[in-house]
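Take a look at the structure below.
Every chain is numbered from 1, with letters handed out A, B, ... down the list of sequences.
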Number of protein chains: 2
Amino acid sequence: MEARIEKVKQQLQAQGYKLTPQREATVRVLLENEEDHLSAEDVFMLVKDKAPEIGLATVYRTLELLTEMHVVEKMNFGDGVARYDLRTESNKHHHHHLICVKCGSMTEIMEDWLLPLEERLETEYRFTVLDHRLDFQGICAKCQPDNPPEQP
Amino acid sequence: MEARIEKVKQQLQAQGYKLTPQREATVRVLLENEEDHLSAEDVFMLVKDKAPEIGLATVYRTLELLTEMHVVEKMNFGDGVARYDLRTESNKHHHHHLICVKCGSMTEIMEDWLLPLEERLETEYRFTVLDHRLDFQGICAKCQPDNPPEQP
DNA sequence: CTCTAAATGATAGACATTCTCATCCAAAAG
DNA sequence: CTTTTGGATGAGAATGTCTATCATTTAGAG
């Protein structure tokens, strides 16, 4: 935990930014909720517990900054809210998402299935891939018809 | 053109909806701009030429309805605006997008590269894919370093 | 300590989208 | 033909997310 904070601090300082208490609190919240895809509002409320004086604008600014630094990944699932995830070593690229249209659950696939496609884009389209997003919408295992879910 | 309008009409009626003049005008605009990815606002302004009395809310409602009917595909490129495309026979699924981070251009790949992956999801994850989205962000052919783009 | 620039918090603003509600209209019922 | 009914509409208010503004605070340089 502290090591990762330290790493972020160094990344920021390398670009001339400071790890202010507000920024540190924000990063800590992200670290403590690594499994979730928090919205800016989510982050704001969680940070408020640690540092009640923080302002919403600062959270937005910090998340934007961390996105530029590639410390977090800014995602958009089409629900009108940007969501933020820490990037880890094993997670340089977006992972893929399985979004269930019945129960709304989201599963992540951590493998990168797109490398072959990216090579094809490079050769056939001369398009250099920097990032990608792959989301599937459908019906998850729990909600399959042969496996009735929790339905009132 | 008329045939496609007729088809939409039947789809709507099958679900108990009517093809009102406003809805028809909206569909016509989408048909006439099939190549573009129009935002709701874009559609609104184009429809206004045909039917100046239409309201923005109706356009939103219509696009939402057409999305539910799977007549159009609602997309989101992360720029804060939803965009809408007609679905055609050759286009049952989302196509893939190459979004250039330098010039902002967008290229579409009409082939479906994901069928093998979807089969894998079905068997390995018991996830039934209804739809998918695959966007790549990177540098397009025109903007490759060895091929300087239109830069002021 | 003083100065400067970055960082912050509060709030207003911009923007896309949705909600509300009075009205309209087409088709069904009488 | 008239009335009734319920979906559809238009206008504008309301919502929600995010950004801009600006006065104030803070941290570090000198």
- [ ] Give a yes or no on whether a salt bridge exists between B:Lys74 and B:Glu64, defined as a side-chain N under 4.0 angstrom from a carboxylate O.
- [x] yes
Open item on the list: How long is the straight-line distance from CD of B:Glu108 back to NE2 of B:His96, given to the nearest 0.5 Å?
Closed with: 11.0 Å
Task: Side chain proximity check, B:Val71 to B:Leu12, heavy atoms < 4.5 angstrom - done: no
TODO: Mind telling me whether A:Phe136 and B:His132 have parallel, tilted or perpendicular rings, with 30° and 60° as the class edges?
DONE: perpendicular
Task: Interatomic distance where CG belongs to B:Asn76 and P belongs to D:dT17 [whole Å] - done: 15 Å
Task: Whole-Å gap separating C1' (D:dG7) and CD (B:Gln15) - done: 15 Å
Task: Modelled atom types, side-chain donor and acceptor of B:Thr128 and A:Gln144, under 3.5 Å - done: yes
TODO: Please report, rounded to the nearest Å, how far the C1' atom of D:dG7 is from the CD atom of B:Gln13.
DONE: 14 Å
Open item on the list: Test: ring pair (Phe, Tyr, Trp, His ring centres under 6.0 Å). Region: residues 34-56 of chain B. Which pairs qualify, not counting sequence neighbours?
Closed with: B:His37-B:Phe77, B:His37-B:His97
Task: Nucleic acid contacts - residues 52-67 of chain A versus DNA chain D, non-hydrogen atoms under 4.0 Å - done: A:Ala57, A:Tyr60, A:Arg61
- [ ] Starting at atom CG of B:Asp42, determine the distance to atom C1' of C:dC15, rounded to an integer number of angstrom.
- [x] 14 Å
Open item on the list: What is the separation between atom CZ on A:Phe44 and atom C1' on D:dC18, rounded to the nearest whole Å?
Closed with: 13 Å
Open item on the list: I'd like to know if B:Glu2 and B:Arg28 make a salt bridge, using a cut-off of under 4.0 Å between side-chain N and carboxylate O.
Closed with: yes
Open item on the list: I need the residues from residues 17-35 of chain B with at least one non-hydrogen atom less than 4.0 Å from DNA chain D; give them sorted by number, or say none.
Closed with: B:Tyr17, B:Lys18, B:Thr20, B:Gln22, B:Arg23
Open item on the list: I want to check something: taking the side chain as every heavy atom from C-beta on, are A:Arg23 and A:Leu66 in contact at a cut-off of under 4.5 Å?
Closed with: no
Task: For atom CD of A:Glu41 and atom P of D:dC18, their distance in whole Å - done: 8 Å
